[in-house]
Amino acid sequence: MCSPPRRSRNRSTSPTRSGFTSGGNLKDSLSLILTVEEIHLSSRCHPQMLPDHFIWAMLCSSPLRYFRMKGRPALWIPGTDHAGIATQLVVEKMLAAEGVKRTDLTREEFTKKVWEWKEKYGGTITNQIRRLGASCDWSRERFTLDEQLSRAVIEAFIRLHDKGLIYQGSYLVNWSPNLQTAVSDLEVEYSEEPGNLYFIKYRVAGGTRDDFMTIATTRPETLFGDVAIAVNPEDKRYAQYVGRLAIVPLTCGRHVPIIADRYVDPDFGTGVLKISPGHDHNDYHIARKLGLPILNVMNKDGTLNDVAGLYSGMDRFEAREKLWSDLVETNLAVKKEPYTLRVPRSQRGGEVIEPLVSKQWFVTMEPLAEKALRAVENGQLTILPERFEKIYNHWLTNIKDWCISRQLWWGHRIPVWYIVGKKCEEDYIVARTEEEALTKAQEKYGKSVEIYQDPDVLDTWFSSALWPFSTLGWPDLSKDDYKHFYPSTVLETGHDILFFWVARMVMMGIEFTGSVPFSYVYLHGLIRDSEGRKMSKTLGNVIDPLDTIKDYGTDALRFTLSLGTAGQDLNLSTERLTSNKAFTNKLWNAGKFLLQNLPDRSDVSAWDALLANKFDTEASLQELPLPECWVVTGLHGLIDRVSTSYEKFFFGDAAREIYDFFWGDFADWYIEASKTRLYHSADKLAAARAQSVLLYVFENILKLLHPFMPFVTEELWQAFPYRKQALMVTPWPTTDLPKDSRSIKRFQNLQSLIRGIRNVRAEYTVEPAKRISASVVATADVLEYVSKEKQVLALLSKLDVQNVHFAESAPGDANQSVHIVADEGLEAYLPFADMVDVSEEVKRLSKRLSKMQSEYDALVARLNSQSFVEKAPEEIVQGVREKASEAEEKIALTMNRLAFLQSTVST
C-alpha cells in the first residue's frame, strides 16, 4: 500500500494517475487502495451489513476490476472490524434470552462467548461481499482483533502516550446507561420527540416573595446539579439580580450565583439559563470557561445519586415526574407546556444518552489535526466532491479531544496497568504486554509489587484509524506489502463518515508513517428508499442485498448503484432495479443473438478471420459500410469517454454512457441493421463483415461493462469460442482508436428518415406487418450513401423493398402522399393509399371529429357560465380552460387531416 516513486501530488480534481481506495463506516467500511503501479483493496466491515452503505461494495469492486484490466497488479484484502459496542450488545441479548447476564460470567468466559458468536455469524458480511461480486483475495482476510492488527493498536497507543498525546481525565462524555459505557458522537443519533418545557421559580436569596427568576428547562431532574444561574448581560429584566444568589428549588436552600454571559439567548424561554455542567455539553463548556464547579447528580445506570437527596436512587425519568409534582405542591412550578425535544439516543441500544462526567482516556487531537489540515491545504490530499473539503476543514479546525476508552469487555484492552495500593491517576504503567508491565513495576516498586490492567477497551474507531497500514504489516516496516502498497492513491467511502473515519486515518497515517495514507478521497452517497428516507428497521424499509439479488440479480443491483452521483444519496426503488434487470436481460439476449449468428465453433478458419478483425486503423474503418462504420466509430468514442470517466472517478457517467450506447445504438439499431446482411443478402463477404463487427463491438461492450456487471459479462465472454483467458484479466480496450465523424452524421440522417416513417405509420395506425412503398428525395451526395442502405431502410421502416425509389425531385403522386422531412436535403413521400383505406379513414375521422366537437362545446358552455366561473375553485376553472384549449388543438389537427383525405379521394 505504498506510493510509487513518481506520484503526482497536484490539486487537480481530475487525477491523471490512477488509484482508488474505497471505504464504508464502522459497520460496513471498505478501504481500497490503487497506486500507479499496484492496486490494493482492503475492507473492514461490521458482521451485520446494512443496505444504506452496501454501495461501497460495488463502487470498490468496479475500479478494482478496471485497473486490473488496465494491467496493474490488483489486491483487495477483505476484512471486518470487531464493532465493540454492537457486538457486545448482540451477545448480551443472546445470553439474556438464556437467562444469563454478562456479570454472571468472568471476562474471559464472556469474551469466549463473543468469539463463538463471531465464528458463527461473522461470515455474514463476507458472504454478502462475495455475492455482490467483490473481487477479493480471501486468503488474506483481516480482522481487527487479529494478532498483527492488535499489535499495531497497542504500538499506536504507546507511541501516542509517549509523546504526551494520550492522557486520562474526568470529562463530560456521552454515556449509555444501558450499555454502561461512553459512546462516540457517531453512536449518538438525535430524534425529534414530543416532550415538555418546564417553567420553574428560582427565588433570589435575601429578596422578597416577588423576587424570583423563572427558568425554562426540558430536564428539571438536573437542577440538583445546578452551579449557577445565567442571564444575558444586555437583558435589562434581570440586571438587578446579577451578582446575587439564587436558591435552587428542593435542595434545602442551596445557593448558586447569578451571573451574566453572552452565551444566553434572551429570546429563548424566559431568558434565564440554569447551568448544570455535569449533564449538558454547553453548560460544561461555560463552566470550564468561567471556572465553575462540576456537580454530578447521576449514577452510571441512569438513577439519581446522593446529591439529589430524597430523590436518590430514582430513575431519571421517574424523578422528573416526581420532582415536577413536588414543585407544584410547593408553588415553585409556574407551568408546563408541550415542546418538541431533540433527544440523543444510542445508535446501538436505543436508550436516551446521558451527558455524564466520567474518567476516560483521551487523545489530544489539535496537533494531529493541524497536520491533516495542512495536507489538504498544500495539495497532498484532495477531497472529491470538492464541497466536502469545507466540512473536513471545519471539523478539524474545531476538533475536540477524542475519548478513546469504552467500558466494555469486547475489544482491544487498553495497555495500561495500575499498581495495587496506588492511585490510578498517579501511578500507572504503559506496556506492550503484562510481562513488560510487571518488569517495569518491579524496577520501580520492588519484586513484591502487584499490578492489574485497566478494565476498559479502546474505541473501535481507534483500530479502524490504523487500517490503511496496520493491514499491511505496520509497525514492521520491512513487510513487503507495506513497502509495496503504502501509501495509496484514493480512498472511497460514504460522505457520512468523512471525519469519524477518513480524517482519523489521515491524522494517524501522517503521525505514524509520515505520509498521508491516500492522495484523493472520493465520497459516495448513501442508499435511501424510493421516497428518499433513510433505511431503518423502525420504518420497515430496509432492503436486504441478498433478497434484492435473488429478485433482480447481482448485476442489476450493482449497475443500479453505479448510476449514483458522487456525494449524493441514491433513492433505491424497485422501478430502478426492474429497469436494470431488463438491461441485463437485453445484454443476455444480444449475446444469444450473436452466438446464433456466428460461425460454428468447429469452423476454425472462420473464427480466425473474425478474431483477426480489430478495426484499429483508419484504412480498416473506411472500408466498412455505413452502419458498420457508424457503430465502430461510436464504440471507439465510447471507449475514450468511459476510460476518462473511470480515471476521474465519474462512475455514474461511465455507466450511463455504456447503457445508452449498448441499448440505444448497438441493440436497437446495429443488431437490427445487421440482419439485412445475415438474413437478406447473398453476399457472403457482407455477412462475414457484419459478423466481425458484431463480435468486435459486443466484446468491447462486455469489457467496458465488466467492472459494473461482472457475472453476466464473464458468462457471456466465456460462452464465445476461443477465449484465451477470463474476461476479468483481459486487457482493457485501447483508447484513441480511429473514428469517422462523417459516418456519424450520415447514419443520423438515415435514422431520422426511419424514425419519420415509423412515426407516420403509427399516426395512421398502419398494420405492423404491412409493407408500404416510399419515394426518397435527396441531393445527389445524400442519395449516394442512403441508397446503398436500401435494405436497412426497408427492414427498419417496414417498407416494400421492391417499391422504394430514390430521386432528386418529388414524385408525381406527391399530392397524394404523406410528406416527411427527415433532415435538410433528405425527404420522403409515402403514398397514402398504401397505408389506409381512404374512404374508411374519412368515415372514422368524421365520426371522431363529431365526438370531439361535442366535448369541446360542452367545455365552452361551462366556461361561458358565469355561475361556474365565479363559484368553482380557481384550479377547477383553470383545468376546464386547459382541456378546452387541448380539445381545440385536436379538432384543428383532425380537420386538417380530414381535408387532406377528402382531397385525396377527390383526386
Side-chain angles (χ1 to χ4, degrees), residues 26-28 44-51 79-129 141 143-147 150 174-184 186-189 298-303 313-318 345-354 356 358 405-414 452-461 463 535-540 542 544-547:
L26 179 64
K27 55 180 179 287
D28 53 26
R44 64 173 186 82
C45 321
H46 183 274
Q48 185 179 1
M49 186 182 189
L50 293 179
T80 55
D81 70 26
H82 59 279
I85 292 177
T87 304
Q88 179 160 319
L89 180 61
V90 168
V91 175
E92 285 193 30
K93 288 182 177 179
M94 180 186 72
L95 291 173
E98 301 171 1
V100 179
K101 295 181 180 179
R102 172 170 60 94
T103 51
D104 295 337
L105 306 174
T106 64
R107 185 172 191 137
E108 290 72 23
E109 289 172 337
F110 178 76
T111 53
K112 182 180 179 182
K113 292 285 187 182
V114 182
W115 277 107
E116 291 173 356
W117 180 90
K118 189 264 179 186
E119 293 303 317
K120 184 175 182 179
Y121 299 105
T124 300
I125 185 67
T126 55
N127 181 48
Q128 290 178 329
I129 294 175
E141 187 173 358
F143 180 54
T144 47
L145 288 178
D146 286 345
E147 182 179 350
S150 296
N174 298 311
W175 185 262
S176 171
N178 289 3
L179 297 171
Q180 291 282 288
T181 181
V183 296
S184 71
L186 178 67
E187 287 135 1
V188 178
E189 293 183 338
M298 205 79 68
N299 295 315
K300 291 186 176 180
D301 62 356
T303 59
M314 295 180 67
D315 175 77
R316 51 185 168 160
F317 301 114
E318 178 187 351
R345 290 190 175 274
S346 167
Q347 183 190 63
R348 303 302 183 188
E351 77 276 15
V352 176
I353 291 297
E354 184 66 42
L356 196 69
S358 175
S405 50
R406 297 290 181 268
Q407 289 63 55
L408 303 170
W409 285 359
W410 175 247
H412 294 102
R413 191 89 172 261
I414 290 177
Y452 63 95
Q453 189 173 359
D454 192 307
D456 292 350
V457 300
L458 289 165
D459 180 9
T460 306
W461 286 109
S463 57
M535 293 186 186
S536 71
K537 293 179 180 178
T538 303
L539 293 174
V542 174
D544 187 315
L546 297 188
D547 289 342

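Met314 contributes atom CE, which lies 13.0 Å from atom CG of Asn299 (distance to the nearest 0.5 angstrom). Between the OG atom of Ser184 and the CG atom of Asp459 there is a distance of 5.5 Å, given to the nearest 0.5 Å. Taking CG of Leu89 as the reference point, atom CG of Leu179 lies at 5.5 Å (rounded to 0.5 Å). Separation of atoms CD (Gln88) and NE2 (His82) is listed at 10.5 Å; rounding is to 0.5 Å. Between the CE atom in Met298 and the OG1 atom in Thr303 there is a gap of 8.5 Å [rounded to 0.5 Å]. Interatomic distance, Thr87 OG1 to Tyr121 OH, rounded to the nearest 0.5 Å: 13.0 Å.
Counting only N and O atoms by type, the side chains of Asn178 and Ser176 include no donor and acceptor under 3.5 Å apart. Of the N and O atoms on the side chains of Ser150 and Glu147, not one donor lies less than 3.5 Å from an acceptor on the other residue.
Using a 4.5 Å heavy-atom threshold, the side chains of Phe110 and Leu95 count as touching. Under the 4.5 Å side-chain criterion, counting only non-hydrogen atoms from C-beta, Glu116 is not in contact with Lys120. When side chains are defined from C-beta on, Asp456 does not count as touching Leu408, because their heavy atoms never get closer than 4.5 Å. In this structure the side chain of Arg345 never reaches within 4.5 angstrom of the side chain of Ile353, judged on heavy atoms.
Here the closest non-hydrogen pair linking Ala182 and Ser405 is CB-O, 4.1 Å. Pro177 and Gly302 make their closest contact through CB-N, 4.0 Å (heavy atoms, listed as atom of the first residue, atom of the second, distance). Of all the heavy atoms in Ile414 and Gln453, the pair that sits closest is O-NE2, 3.0 Å. Taking each heavy atom of Leu145 and His412 in turn, the nearest pair found is CD2-NE2, 3.4 Å.
Residues Trp115 and Trp410 bring their aromatic ring centres within 6.0 Å.
Contact check on Arg102 versus Glu92 returns a salt bridge, with a Lys/Arg side-chain nitrogen under 4.0 Å from an Asp/Glu carboxylate oxygen. For Glu354 and Arg316, the salt-bridge test passes: some basic side-chain N is under 4.0 Å from an acidic carboxylate O.
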So Gln347 and Glu189, side-chain contact (heavy atoms from CB on, under 4.5 Å) or not? Walk me through it.
CA-CA 6 Å; Gln347 183 190 63; Glu189 293 183 338; 3.4 Å; yes
Could you check Val114 against Trp409 for side-chain contact (heavy atoms from CB on, under 4.5 Å), going step by step and ending with a plain yes or no?
CA-CA 10 Å; Val114 182; Trp409 285 359; over 6 Å; no
Check the pair Arg406 / Glu187 against side-chain contact (heavy atoms from CB on, under 4.5 Å), numbers first and verdict last.
CA-CA 12 Å; Arg406 297 290 181 268; Glu187 287 135 1; 4.3 Å; yes
Let me see the working for Trp461 and Asp81 under side-chain contact (heavy atoms from CB on, under 4.5 Å), right down to the final yes or no.
CA-CA 9 Å; Trp461 286 109; Asp81 70 26; over 6 Å; no
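Shown here are the side chain to side chain donor-acceptor pair (under 3.5 Å) partners of Asn174, two or more places apart in sequence or in another chain: Asp185, His281. With sequence neighbours excluded, no residue satisfies side chain to side chain donor-acceptor pair (under 3.5 Å) with Thr126. Annotation: side chain to side chain donor-acceptor pair (under 3.5 Å) contacts of Thr111 (sequence neighbours excluded): none. Residues meeting the side chain to side chain donor-acceptor pair (under 3.5 Å) test with Glu109, sequence neighbours left out: Thr106. Listed by chain and residue number, nothing satisfies the ring pair (Phe, Tyr, Trp, His ring centres under 6.0 Å) test with Trp175 (two or more places apart in sequence, or in another chain). When the side chain to side chain contact (heavy atoms under 4.5 Å, CB included) test is applied to Phe317, the partners found at least two apart in sequence or on another chain are Asp315, Arg320, Val352.
By the 6.0 Å and 45° rule, Lys118 stacks over the aromatic ring of Phe143.
At distances below 3.5 Å, at least one donor-acceptor pair connects side-chain atoms of Gln180 with backbone N or O atoms of Lys300.
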